[in-house]
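None of these values were measured; they are calculated from a predicted model. Protein chains get the first letters and strands the later ones, always in sequence-line order, with residue 1 at the start of each. Values below: all heavy atoms of this structure, side chains included; hydrogens, waters and symmetry mates excluded.
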2 protein chains.
Amino acid sequence: MDHVDKILAQWRVEHPEFKLRAMGVLGRMSRLTTHLTQGLDQVFSAYGLNAASFDVLATLRRSGAPYALTPSQLMDWTMVTSGTMTNRLDRLQAQGLIDRKKSDQDARSVVVQLTPQGLDLINDSVTKHVANQNRLAAALNPEEQEQLDRLLAKWLAAFEAPEG
Amino acid sequence: MDHVDKILAQWRVEHPEFKLRAMGVLGRMSRLTTHLTQGLDQVFSAYGLNAASFDVLATLRRSGAPYALTPSQLMDWTMVTSGTMTNRLDRLQAQGLIDRKKSDQDARSVVVQLTPQGLDLINDSVTKHVANQNRLAAALNPEEQEQLDRLLAKWLAAFEAPEG
DNA sequence: TCAATATATCTTGACGTCGAGATAAAATGG
DNA sequence: CCATTTTATCTCGACGTCAAGATATATTGA
């Protein structure tokens with residue numbers, strides 16, 4: 001009887017006709033996301049980062065040398081709006097973890113690049129982050145993780161399929 | 001090859017030694033949560049609400065008549081801090097959907113109650129919300145939803161088990 | 001009894017996010 | 001060639017959230 005079960009039990013009393021299966025799934029996902037977010041933040045904050053700034057640095061890092069992307073490319077990878085990305089980049093630049101220079105190709109555009117300090121920081125932190133993710137997932141055995149991943153992938157495809 | 005697969009493919013090039021199963025699961029959960037949040041907001045905004053205010057109204061509604069709880073009880077149900085709850089209640093009160101009165105039992109405490117308008121609004125919107133949840137989950141068949149729910153419940157138990 | 005501690009709620013300041021709009025430059029098409 | 005449309009980025013104001021701290025009241029235990 002976890003928290004979500006208690007919520008469902010209340011609705012069964014107040015609205016016995018409700019079809020609650022999806023509510024259970026979505027409720028557990030939401031609740032789990034809260035716990036996982038807190039778990040991931042433990043590593044981020046140990047490096048003076050948060051999920052937002054880590055996300056940008058990691059996106060630059062995994063794009064490969066020279067660890068440079070435009071704000072638009074970063075927006076595509078991270079699912080945030082342009083105002084949000086500008087704010088993230090401002091803070092990372094103030095921390096000395098990235099720099100911005102005008103693009104040679106397109107005068108409207110900007111190139112965001114990891115600084116040497118930014119590269120060092122993401123190299124260290126991402127290793128800890130991956131270990132932390134595996135720790136957080138360890139409540140499920142490898143088979144269960146595979147099963148879960150398959151179901152999530154199928155569901156996600158409904159939103160990210162090539163045709164929308 | 002969804003968005004998360006592309007991220008994993010990049011890491012495999014840059015860090016072939018990373019154990020990426022948990023990253024896949026967490027990444028898909030995160031991405032899915034973003035899409036689901038947007039899907040749920042469509043119903044909320046049709047009623048002049050957002051996820052935060054809906055959450056409070058729904059918690060009061062499913063607690064049963066007289067649809068009254070203290071801010072502390074609401075905090076327990078919704079997993080938010082006291083400052084957040086104060087802010088939510090201020091806005092709901094300004095909208096005329098709840099009222100606050102001093103507790104008879106405990107002079108430190110407050111009783112939050114749905115107004116008649118608040119009750120009408122949550123009664124209408126929660127019905128649409130449940131249908132919307134089932135619509136969003138329909139990419140998985142009932143069996144898959146059950147399977148997913150079982151895995152999520154097991155995982156969630158690691159965070160919400162009686163002993164921590 | 002009453003001082004120390006715990007509880008309930010609110011306040012404040014900082015931050016991350018979004019949406020709408022501004023600005024500038026590039027691409028398009030007649 | 002030039003007007004129109006699209007693209008890239010930034011600005012601004014509003015909002016939701018949190019952490020830390022303030023205030024008032026209740027509970028505990030010596």
Side-chain angles (χ1 to χ4, degrees), chain A residues 30-31 33-42 44-45 48-59 68-95 97-113, chain B residues 30-31 33-35 37-42 44-45 48-57 59 68-95 97-113:
Chain A
S30 168
R31 194 105 184 155
T33 294
T34 300
H35 291 298
L36 293 172
T37 297
Q38 288 171 3
L40 297 177
D41 280 344
Q42 291 171 18
F44 300 150
S45 66
L49 299 171
N50 60 22
S53 51
F54 180 89
D55 196 16
V56 172
L57 297 182
T59 301
L69 295 170
T70 67
S72 290
Q73 291 174 310
L74 288 167
M75 285 162 56
D76 290 343
W77 279 112
T78 58
M79 269 185 115
V80 301
T81 62
S82 63
T84 296
M85 186 50 67
T86 297
N87 184 42
R88 288 184 178 188
L89 296 176
D90 286 348
R91 290 179 182 281
L92 287 168
Q93 192 168 24
Q95 291 178 269
L97 301 175
I98 60 157
D99 56 24
R100 282 192 266 206
K101 60 178 208 289
K102 300 226 145 210
S103 164
D104 294 336
Q105 328 298 325
D106 185 335
R108 294 169 300 181
S109 191
V110 167
V111 175
V112 177
Q113 184 170 27
Chain B
S30 167
R31 194 104 184 156
T33 294
T34 301
H35 291 299
T37 297
Q38 288 171 3
L40 296 176
D41 280 344
Q42 291 171 18
F44 299 151
S45 66
L49 300 171
N50 58 24
S53 52
F54 180 89
D55 196 17
V56 172
L57 297 181
T59 302
L69 296 170
T70 67
S72 291
Q73 291 174 309
L74 287 167
M75 286 162 56
D76 291 343
W77 279 112
T78 58
M79 269 185 116
V80 300
T81 62
S82 64
T84 296
M85 186 51 66
T86 298
N87 184 42
R88 288 184 179 187
L89 296 176
D90 286 349
R91 290 179 183 281
L92 286 169
Q93 192 167 26
Q95 292 178 269
L97 300 175
I98 61 157
D99 56 24
R100 283 192 266 208
K101 59 180 209 287
K102 301 225 146 212
S103 165
D104 294 337
Q105 327 297 325
D106 186 336
R108 295 168 299 177
S109 191
V110 167
V111 176
V112 177
Q113 184 171 27

Item to check | Nearest to side-chain heavy atoms of A:Arg100, which nucleotide of C:dA26, C:dT17, D:dC10 | outcome: D:dC10

Item to check | Pairwise 5' ranking along DNA chain C for A:Gln105 and A:Val80, keeping only the more 5' one | outcome: A:Val80

Checklist entry - Whole-Å distance between D:dT9 C1' and A:Gln73 CD? => result 14 Å

Item to check | Short side-chain N/O contact from A:Arg88 to OP1 or OP2 of C:dG16, under 4.0 Å | outcome: no

Checklist outcome for this item: Rounded to whole Å, CG of A:Asp41 lies from C1' of D:dC18 at a distance of 11 Å

Listing time: all N or O pairs from protein to nucleotides 19-23 of chain D that are below 3.5 Å?
none

Checklist entry - Got A:Arg91 and A:Leu97 here, is their nearest side-chain heavy-atom distance under 4.5 Å? => result no

Checklist entry - Just how far, in rounded Å, is P of D:dT17 from CG of B:Leu74? => result 13 Å

Checklist entry - Taking the side chain of B:Ala52 as its heavy atoms from C-beta onward, which of D:dT11, C:dA26, D:dT17 lies nearest to it? => result D:dT17

Item to check | Results of side chain to side chain donor-acceptor pair (under 3.5 Å) for B:Asp41 - residues two or more places apart only | outcome: none

Next on the checklist: By the definition side-chain contact (heavy atoms from CB on, under 4.5 Å), identify the one residue from B:Lys101, B:Lys102, B:Gln105 that meets it with B:Val111.
Outcome noted: B:Lys101

Item to check | Contacts of A:Arg31 that satisfy salt bridge (charged side-chain N to carboxylate O under 4.0 Å, His left out) - sequence neighbours left out | outcome: B:Glu160

Contact list (N/O, under 3.5 angstrom) for nucleotides 5-8 of chain C vs protein:
{"residue": "C:dT7", "atom": "O2", "partner": "B:Arg108", "partner atom": "NH1", "Å": "2.8"}
{"residue": "C:dA8", "atom": "O3'", "partner": "B:Ser109", "partner atom": "OG", "Å": "3.3"}

Item to check | Listed nucleotide nearest any side-chain atom of B:Asn50, set C:dC18, D:dG16, D:dT25 | outcome: D:dG16

Checklist entry - Rounded to the nearest Å, what distance is computed from the CZ atom of residue B:Arg91 to the P atom of nucleotide D:dT17? => result 10 Å

Item to check | Between P of D:dG13 and CG of A:Asn87, the distance in whole Å | outcome: 15 Å

Checklist entry - Is there side-chain contact between B:Leu74 and B:Arg88, with at least one heavy-atom pair below 4.5 Å? => result no

Checklist outcome for this item: Applying side-chain contact (heavy atoms from CB on, under 4.5 Å) to B:Ser53 and not counting sequence neighbours gives B:Leu49, B:Asn50, B:Leu92

Checklist entry - When the distance from CZ of A:Phe54 to P of C:dG16 is rounded to whole Å, what number comes out? => result 16 Å

Checklist outcome for this item: Residue set satisfying side-chain contact (heavy atoms from CB on, under 4.5 Å) with A:Thr81, at least two apart, ordered chain then number -> A:Thr84

Checklist outcome for this item: Sequence neighbours excluded, the answer for side chain to side chain donor-acceptor pair (under 3.5 Å) partners of B:Ser109 is none

Item to check | Atom pair distance, as rounded to whole Å: NZ in A:Lys101 and P in D:dT9 | outcome: 13 Å

Item to check | Pairing residues for B:Ser72 by the side-chain contact (heavy atoms from CB on, under 4.5 Å) criterion, not counting sequence neighbours | outcome: B:Thr70

Next on the checklist: Let me test you: for the helix from C:dT1-D:dA30 to C:dG30-D:dC1, what is the angle between the axes at its two ends (five pairs each), rounded to 10 degrees?
Outcome noted: 20°

Checklist entry - Rounded to the Å, how far apart are A:Met85 CE and C:dG19 P? => result 15 Å

Checklist outcome for this item: Applying salt bridge (charged side-chain N to carboxylate O under 4.0 Å, His left out) to A:Asp99 and not counting sequence neighbours gives none

Checklist entry - Got a sec, which residues hit side chain to side chain donor-acceptor pair (under 3.5 Å) with B:Asp106, two or more places apart in sequence or on another chain? => result B:Arg108

Item to check | All side chain to side chain donor-acceptor pair (under 3.5 Å) counterparts of A:Gln93, not counting sequence neighbours | outcome: A:Arg100

